[in-house]
Protein chains: 2
Amino acid sequence: MNISARTDYAIRALLTLASAQCAGSQPVSAESLAATQQLPKKFLEAILVDLKRGGLVNSRRGSAGGYSLAAPAEQITLGAVVRIVDGPLAEVRGVRPQNAEYVGDAEHLPVVWVALRASLRSVLDEVTLGAVLRGDMPAHVRALAQQPDAWRNR
Amino acid sequence: MNISARTDYAIRALLTLASAQCAGSQPVSAESLAATQQLPKKFLEAILVDLKRGGLVNSRRGSAGGYSLAAPAEQITLGAVVRIVDGPLAEVRGVRPQNAEYVGDAEHLPVVWVALRASLRSVLDEVTLGAVLRGDMPAHVRALAQQPDAWRNR
DNA sequence: GCGTTTCCTATCAATTCGATAGGACTTATC
DNA sequence: GATAAGTCCTATCGAATTGATAGGAAACGC
């Protein structure tokens, strides 16, 4: 149930690209992305290749090359990013939650796993890069983050 | 963002214990738990020791020994189980979501991570072993699982 | 004391995770 | 067309995690 470094780095790099998209439109190099968000350069490069394959960014090689968002920042959700760099959302022992098979007293467990995945989706698939950049989350997400003990450990 | 085998196994074993709690009250052996839910015995043993340390189950050694729930099934949440066997809910690179530090364009990212954790809690901390056993989830969880595409992949 | 069962320690192979190295290929620019 | 700046491919790396097993010490009921 953890958020991996890959996901974290991917999103931070994409946020920088989103910011650049607003400003002008020349591609940003991996080196520059790594520098502004303080990410390990070579590791980030590998992640960017995945994002490219996943269709979230465009790339241009050579001098004055680099990366740019393949779509408006308002249309790229965090869920899309997570799925590309980390795979499907809430797998159980490597199997999709609705396909996990249970017997006896565990019969109703799939309902829980599916609900859990749905709750992840309700955040990740509703929040876009643009929203994070502006600090303007959907009402539903803001409500979650404003719950009394949301910022406390349990 | 995956549910580990440890978590899955722990919950299934606890569900069996919950079922036994209703019936009578003699402890159930690890061997028996492994058999009824088809879990690897030695691996399960290790998990049960963690659950014991975490205070979720009582154990009795020796002949006619075994495990039993330390509290009513209606009072043990899945969240408590997950935290014991897998640690804190939505850590980012091993750090609590509210403690992750970001600069520049990623400034508002903690809000997302905290909301994400809150959404996990809204399922895991609201569902008890008893509820799963009866197949009677809280309204909020049932609503999530009944969403149009909840059972489909994305 | 005998069988049963928890519980502790150690170990294991496989996989994943985070990260780096080196170099091949592409491209703009002079 | 050389050159510098990039992407991108392949390989590798150590460390941690994951899922799992083995063997035996300790406790317990009878």
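Sequence lines set the chain letters: A, B, ... in the order given, protein chains first and strands last, and positions in each chain run from 1. Reckoned from all heavy atoms, side chains included, excluding hydrogens, waters and symmetry mates. As the structure is a prediction and not an experimental result, all values here were calculated from the model.
Lys42(A) contributes a side-chain N or O that forms a donor-acceptor pair with the base of dG22(C) under 3.5 Å.
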Show me the donor-acceptor pairs, under 3.5 Å and distance only, between side chains in residues 53-70 of chain A and residues at least two apart or in other chains.
{"unit_1": "Ser59(A)", "atom_1": "OG", "unit_2": "Lys52(A)", "atom_2": "NZ", "d": "3.3"}
{"unit_1": "Arg60(A)", "atom_1": "NH2", "unit_2": "Ala64(A)", "atom_2": "O", "d": "3.2"}

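Taking the side chain of Ala5(B) as heavy atoms from C-beta on, and the options dC7(C), dC8(D), dG19(D), the nearest nucleotide is dG19(D). Across dT21(D), dG19(D), dC7(C), the shortest atom-to-atom separation from the side chain of Glu45(B) is found for dC7(C). The listed nucleotides are dG19(D), dC8(C), dC9(D); the one nearest the side chain of Arg6(B) is dG19(D). For Phe43(A), the side-chain atoms get nearest to dG18(C) when compared with the rest of dT26(C), dA27(D), dG18(C).
The separation between Asp50(B) atom CG and dT6(C) atom P is 15 Å, rounded to whole Å. One interatomic measurement links the two molecules: CG of Leu17(B) to C1' of dT6(C), which rounds to 14 Å at whole-angstrom precision. dG22(C) atom C1' lies 12 Å from atom NZ of Lys41(A), rounded to whole Å. Atom CG in Asn2(A) sits about 8 Å away from atom P in dT18(D), given to the nearest Å. Atom NZ in Lys52(A) sits about 14 Å away from atom C1' in dC25(C), given to the nearest Å. Protein atom CD1 of Ile47(B) is 8 Å distant from nucleotide atom P of dA20(D), rounded to whole Å. Going from atom CG of Asn58(B) over to atom P of dC7(C) covers 10 Å, rounded to whole Å.
In this model, no donor atom of one side chain and acceptor atom of the other lie less than 3.5 Å apart for Ser32(B) and Ser29(B).
Proximity of Tyr67(A) to the phosphate of dC8(D): a side-chain N or O atom is located under 4.0 Å from OP1 or OP2. Look at Tyr9(A) and you'll find a side-chain N or O under 4.0 angstrom from OP1 or OP2 of dA19(C).
Remark: Leu116(B) CG to Leu109(B) CG distance equals 10.5 Å, nearest 0.5 Å. Distance CD/Gln98(A) to CH2/Trp113(A): 14.0 Å, rounded to 0.5 Å.
Contacts of Ala30(B) with the nucleic acid, taken as non-hydrogen atoms under 4.0 Å apart, involve only primed sugar atoms and P, OP1 or OP2. Heavy atoms of Arg93(B) sit nowhere under 4.0 angstrom from any nucleic acid atom.
A heavy atom lying under 4.0 Å from DNA chain C marks none of the residues of residues 75-87 of chain A.
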